[in-house]
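Here's the structure we're looking at; comments come further down.
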Amino acid sequence: MTYADEFPASPQGRPLWLVTLADLALLLVGFFVLLQANQSLDRKALADGIRAGFGAAPQAMAPDPLAVAAAGVFDFAPGSAVLPKSVEALRAWAREAVSDPRVSLRVTASVDGTSRDVDPGTGSAAVLAADRARAVAAALAPVVPGRRLLIQTAERPSRRQAVVTIAFTGEKK
């Protein structure tokens, strides 16, 4: 008796190409069902549900307003947040911009990244950039109503400046 006699021959099955074709057809049907199901999907509710699943607040990821124009204060002295010149022209520009209630202003300040351009008290470049943004915001505060002024620092060094951006925020609800 041989080993071949102990194991019966396997019955003839379907060709392998037919199984692959059936798998691809089922994937295609599933894809079209997914497309059909997404036609009436509330995308905001889906995004809020995903954020809630990760523990974030539903409104935490509001999109940034659309920036439409910019002006700024340039050439701060190294290590200083003192405004280098009069900001009357910037104030007039901001006053005209905020006459439209659908816009807001964003002040973004930066440092040049050198060892001289840091806050003298703390040695921190981030503190100096924040101080520059605060100084420009304080100069603009008399002409910018309410909560329409945002202060931030640049993510990476560029030059000793504070840029004011007009952003279209849309209609208030």
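- One finds the OG atom of S104 at 7.5 Å from the CG atom of L150 (value rounded to the nearest 0.5 Å).
- Distance OG1/T153 to CG/L128: 11.0 Å, rounded to 0.5 Å.
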### Message
Would R160 and D112 count as a salt bridge (charged side-chain N to carboxylate O under 4.0 Å, His left out) here? Give the steps.
### Response
CA-CA 5 Å; R160 298 183 312 268; D112 65 9; 3.0 Å; yes
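- Of all heavy-atom pairs between A71 and W93, the closest is N-CH2, 3.6 Å.
- Interatomic distance, S80 OG to R116 CZ, rounded to the nearest 0.5 Å: 12.0 Å.
- The closest side-chain donor-acceptor pair between D119 and T122 falls under 3.5 angstrom.
- Listed here is the closest heavy atom pair of A77 and D117: O-OD1, 4.2 Å.
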#### Entry: Full working for side-chain contact (heavy atoms from CB on, under 4.5 Å) between V98 and R148
CA-CA 8 Å; V98 298; R148 295 172 53 193; 3.6 Å; yes
### Task
For salt bridge (charged side-chain N to carboxylate O under 4.0 Å, His left out), just list the numbers for D75 and K85, CA-CA rounded to whole Å, side-chain angles, deciding distance to a tenth of an Å, and then say yes or no.
CA-CA 9 Å; D75 300 324; K85 60 183 178 180; over 6 Å; no
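- Remark: L21 CG to L16 CG distance equals 11.5 Å, nearest 0.5 Å.
- Atoms OG1 and CG, from T165 and L105 in turn, are 8.5 Å apart once rounded to the nearest 0.5 Å.
- By the 6.0 Å contact criterion, CD on E96 is open, its count of non-hydrogen atoms from other residues, nucleotides or ligands being 12 or less.
- Shortest non-hydrogen contact noted between A125 and V118 is N-CG1, 4.0 Å.
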